[in-house]
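Here's the structure we're looking at; comments come further down.
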Amino acid sequence: MIASTSHISIDGDRLLDRIDQLSRIGADPRGGVTREAWGDADVEARDLVARWMAAADLRPTVDPAANLVGRSPGHGDRWLATGSHLDTVVQAGPLDGTYGVLAALEVASSLHDAGHHMQHGLLVAAFANEEGARGTSGMTGSYACVGHTEEAPPDEVDDAGVTVGERILAAGGDPDRLREARWDPDAIDAFVELHIEQGPVLHANGTSIGVVSAITGRQALDLSITGVANHAGTTPMDLRHDALAAAADVVLAVESLPGPGSVRVATCGHLLVGPNVRNVVPGRVEMGIELRDEDPETLAAGTRRLIERIDAVAARRGVAMDRRLGQMVPPVTSDPRIVDAARAVCERTGTSWELLPSGAGHDAQVIGRMLAVGMIFVPSIGGISHSPRERTDAHHLVAGAEVLLRTLLELDEVLSATVPPSSVGDPGFR
Ligand code: GLV
Ligand code: MN
Ligand code: MN
């Protein structure tokens with residue numbers, strides 16, 4: 001018999017207070033929060049969350065990728081997973097990633113306070129380097145959890161000349177044992193990530209909850225441009241091989257790529273100029289470019305078209321372009337059972353909701369390469385994110401955590417009924 005769960009509820013004040021506490025770790029004097037992966041502030045945030053996990057009876061561990069993973073066993077041998085990331089972009093808001101981790105922790109704390117154990121064990125993860133700190137590819141922690149460490153390799157060198165492996169080691173992980181971070185897909189029935197929408201749809205429509213249908217794909221492209229550094233006063237304009245002017249052409253080629261029949265969005269957000277001196281014609285530029293679309297074919301075709309344009313710029317400007325395809329995070333579709341569970345919870349609790357795709361990337365899409373995944377969104381005021389101005393109304397933050405709790409309870413029932421009890425497994429982190 002399944003125990004009633006109607007009396008279990010999240011503690012909204014505790015959740016909001018914890019969000020507030022974390023927003024002060026890595027507070028950036030220029031505004032917002034800067035908690036780049038594996039840096040001091042990131043590790044401080046992770047350690048604080050680990051202490052809160054321990055108090056909620058989630059036994060916290062730091063895995064070889066420096067992910068924080070807490071787990072609380074259930075009555076049975078199978079698991080439900082939830083969580084997000086604690087690392088941020090430079091000058092981020094307080095919610096991207098952090099909200100999903102703290103709401104997941106709040107679910108565990110509420111179950112613990114109520115003395116309720118689900119059939120499933122509850123696994124709460126704070127994945128390492130979702131954002132791609134210091135020019136790196138990102139999603140390092142979630143890729144390790146699905147055993148695809150080659151997609152976010154430890155020998156990748158960041159903007160400071162430090163390898164990802166060295167960063168992981170400094171943050172308490174072990175880059176030589178990344179494979180051991182892999183979860184066992186046979187033991188975990190679903191992964192559900194709660195996140196702010198980071199786009200304008202829910203706020204504009206006045207909807208409280210977004211149930212995510214699919215998550216967009218993302219192709220990264222790195223470019224090194226080598227021209228000729230020379231004297232800015234003496235080098236005639238027609239004899240220059242200006243790497244930055246070539247980069248400007250590439251930026252415009254990237255910007256003009258999206259449109260009907262092409263990729264949805266394309267961005268060049270990362271640029272390093274050498275020698276970066278006012279009176280020297282730039283000789284070298286490093287660029288980080290990314291294209292996003294829901295359709296892998298469109299993404300591939302857009303990437304080919306951009307490469308043709310880049311090569312044309314190189315020929316016209318007389319510069320060398322070394323281009324390297326970077327991380328490709330494929331699009332993923334939400335598991336219908338998770339969509340149905342979240343929808344049913346919203347209907348039952350009278351919470352307004354709508355189905356929408358995610359234009360942002362998330363750990364859930366990496367975990368989706370191995371497990372059934374789904375996501376729940378809450379509105380972002382004005383659709384602003386990756387900015388110090390990122391905000392969500394408190395009542396939406398609390399409502400989202402409540403929907404996460406009830407969705408996991410619903411899945412606990414639904415999936416306990418459909419998964420044969422003989423198919424037991426180990427979540428892969430004991
Ligand atoms: C994740 O933050 C992304 O870039 O979509
Ligand atoms: Mn982000
Ligand atoms: Mn995020």
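Indexing begins at 1, ligand by ligand and atom by atom, following the structure's order.
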Distance check below 2.8 Å: does E130 bring an N, O or S atom to the Mn ion (ligand 3)? no
State, without any angle test, whether [X] and [Y] hold a side-chain donor-acceptor pair at a distance under 3.5 Å.
X    : Y    : value
E193 : S84  : yes
R391 : S380 : no
D96  : H195 : yes
S72  : R59  : no

Give the numbers and elements of all ligand 1 atoms closer than 4.0 Å to a heavy atom of [X].
X    : result
E131 : 1 (C), 2 (O)
R218 : 3 (C), 4 (O)
H386 : 2 (O), 4 (O)
A360 : 5 (O)

R292, H85, H362: member with heavy atom nearest to atom 4 (O) of ligand 1: R292
Is [Y] close to [X] at the side-chain level, that is, under 4.5 Å between some pair of heavy atoms?
X    : Y    : result
T392 : Y99  : no
T82  : L194 : no
V265 : E290 : no

Rounded to 10°, how big is the angle at the Mn ion (ligand 2) from E131 OE2 to H386 NE2? 110°
With rounding to 10 degrees, H195 NE2, the Mn ion (ligand 3) and H85 NE2 define an angle of 120°
From the N, O or S atoms in D96, identify the one nearest to the Mn ion (ligand 2). OD2
Using heavy atoms and a 4.0 Å limit, tell me yes or no: is E130 in contact with ligand 1? yes
